[in-house]
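Notes to accompany the following structure.
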Amino acid sequence: MRRIALLLLALPWMGLASTAHAASEELRGYVAGQYEYVTLDSRRDAEQGQGFRALYGFPLVDYASLELSARYTHSNLKFGAPSCSGGNCVDNMFAIGGDVAISPWRGPVAPYMLLGIGGVNDSIGGGNETSFYADAGAGVWVRLYNSLFLRAEVRRAAVFNGGPVNDAKVLNDTHVGVGLQYMWFREVVRAKPYRAPVPVTPPPPPDLCKTDADHDGVPDCRDKCPDTPPGFKVDAQGCIEEKQTVIMLSRVLF
């Protein structure tokens with residue numbers, strides 16, 4: 001039993017390496033049901049108990065939810081226990097309480113911690129005792145499919161005012177639970193972070209010493225007479241040389 005409790009306590013820290021939860025999902029609420037195995041305080045003179053817990057949770061702030069729970073635990077009293085009278089040798093416990101579930105991690109594996117208070121009624125040996133309790137624990141949610149999760153946890157509950165045991169100020173019980181949890185999510189559209197536009201660098205101007213727009217054989221960087229008509233001889237500066245004859249046939253008809 002101790003090994004199971006230690007394993008469940010270690011599960012939250014194993015979840016730290018899990019993949020981050022989708023940023024587009026926001027928790028709206030959840031319901032859960034789980035089986036519990038309970039190690040009762042030895043002063044109760046009772047065997048190990050078993051029971052069921054039902055929960056309803058809703059978010060308070062980011063990474064923190066309020067869980068309202070109701071649980072039932074049944075245990076048989078040990079032979080010869082003082083509370084075993086009239087053949088009534090069972091201890092039935094009904095409890096209602098609230099816990100704050102803190103889960104700063106998100107992912108398919110999400111660890112959480114619990115801290116809460118409540119009241120518990122012990123129906124034992126034909127009588128009833130009502131006591132105040134406080135509990136603390138840890139657990140993990142494991143996504144099975146979409147909104148369906150596996151829930152596993154361990155709690156340590158301190159029952160004050162003696163409960164059903166006379167002269168006992170505090171009784172310490174350990175609850176180990178496992179069950180299913182259905183969680184409602186809402187899709188949230190996250191604004192994309194602003195990114196400054198990347199300045200566009202204009203292309204460098206063409207190298208005029210490597211171009212010859214009028215095809216006269218003189219680079220544009222030295223051509224002082226651009227747009228020279230084709231067929232004329234030019235000097236070193238790209239200007240038409242004097243005293244030259246050019247015959248141009250624009251149209252020939254036969």
Side-chain angles (χ1 to χ4, degrees), residues 1-13 32-57 65-102 111-141 150-181:
M1 182 62 200
R2 291 182 179 178
R3 293 180 180 178
I4 297 176
L6 290 174
L7 176 60
L8 291 178
L9 283 173
L11 283 175
W13 314 113
Q34 64 186 37
Y35 162 82
E36 288 193 343
Y37 184 85
V38 185
T39 301
L40 298 172
D41 192 301
S42 60
R43 289 170 291 177
R44 290 181 180 271
D45 289 328
E47 298 176 357
Q48 310 304 329
Q50 299 183 65
F52 178 83
R53 184 186 299 264
L55 305 106
Y56 169 69
S65 301
L66 176 62
E67 287 190 355
L68 304 178
S69 67
R71 66 173 172 86
Y72 164 73
T73 303
H74 172 84
S75 176
N76 293 321
L77 299 178
K78 294 181 179 179
F79 179 77
S83 300
C84 181
S85 60
N88 190 349
C89 297
V90 296
D91 184 358
N92 292 314
M93 287 172 275
F94 299 89
I96 296 176
D99 294 88
V100 175
I102 302 172
Y112 62 90
M113 296 174 289
L114 294 167
L115 187 64
I117 57 175
V120 56
N121 177 267
D122 281 87
S123 177
I124 180 172
N128 285 275
E129 295 285 347
T130 301
S131 306
F132 165 77
Y133 78 85
D135 65 359
V140 61
W141 298 317
L150 172 69
R151 176 186 177 116
E153 67 183 30
V154 58
R155 301 171 184 245
R156 185 72 167 174
V159 180
F160 298 96
N161 301 327
V165 180
N166 295 329
D167 301 326
K169 294 182 178 180
V170 180
L171 297 174
N172 296 304
D173 302 327
T174 301
H175 298 252
V176 178
V178 61
L180 295 176
Q181 181 163 298

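Model, not experiment: these values are computed from the prediction.
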Subject >> Gap separating the CZ atom of Arg44 from the CG atom of Asp91, nearest 0.5 angstrom >> reply: 6.0 Å

Original post:
What distance separates Phe94 CZ from Asn121 CG, expressed to the nearest 0.5 Å?
Top reply: 8.0 Å

**OP:** Report the residues that fulfil side chain to side chain contact (heavy atoms under 4.5 Å, CB included) with Asn76, sequence neighbours left out, ordered by chain and then residue number.
**Re:** Glu47, His74, Val90

Original post:
With His175, which of Thr73, Leu40, Thr39 fulfils side-chain contact (heavy atoms from CB on, under 4.5 Å)?
Top reply: Thr73

**OP:** Using modelled atom types only, decide if a donor and an acceptor are shared between the side chain of Asp41 and the backbone of Asn172 within a distance under 3.5 Å.
**Re:** yes

**OP:** Could you tell me whether a side-chain N or O of Asp99 sits under 3.5 Å from a main-chain N or O of Ala101, the two making a donor and an acceptor?
**Re:** no

Is the closest side-chain heavy-atom distance between [X] and [Y] below 4.5 Å?
X: Arg53; Y: Arg151; value: no
X: Val159; Y: Met93; value: no
X: Leu114; Y: Asp135; value: no
X: Val38; Y: Ser75; value: no

**OP:** Could you tell me which non-hydrogen atom of Glu67 sits nearest to which non-hydrogen atom of Leu55, and how far apart they are?
**Re:** OE1-CD2, 3.2 Å

**OP:** Establish, from distance only, whether the side-chain atoms of Glu36 and Gln34 form a donor-acceptor pair under 3.5 Å.
**Re:** yes

Subject >> Quiz item: cation-pi between Arg71 and Tyr133, 6.0 Å / 45° >> reply: yes

Original post:
When the ring planes of Phe160 and Phe132 are compared, do they come out parallel, tilted or perpendicular, using 30° and 60° as the limits?
Top reply: parallel

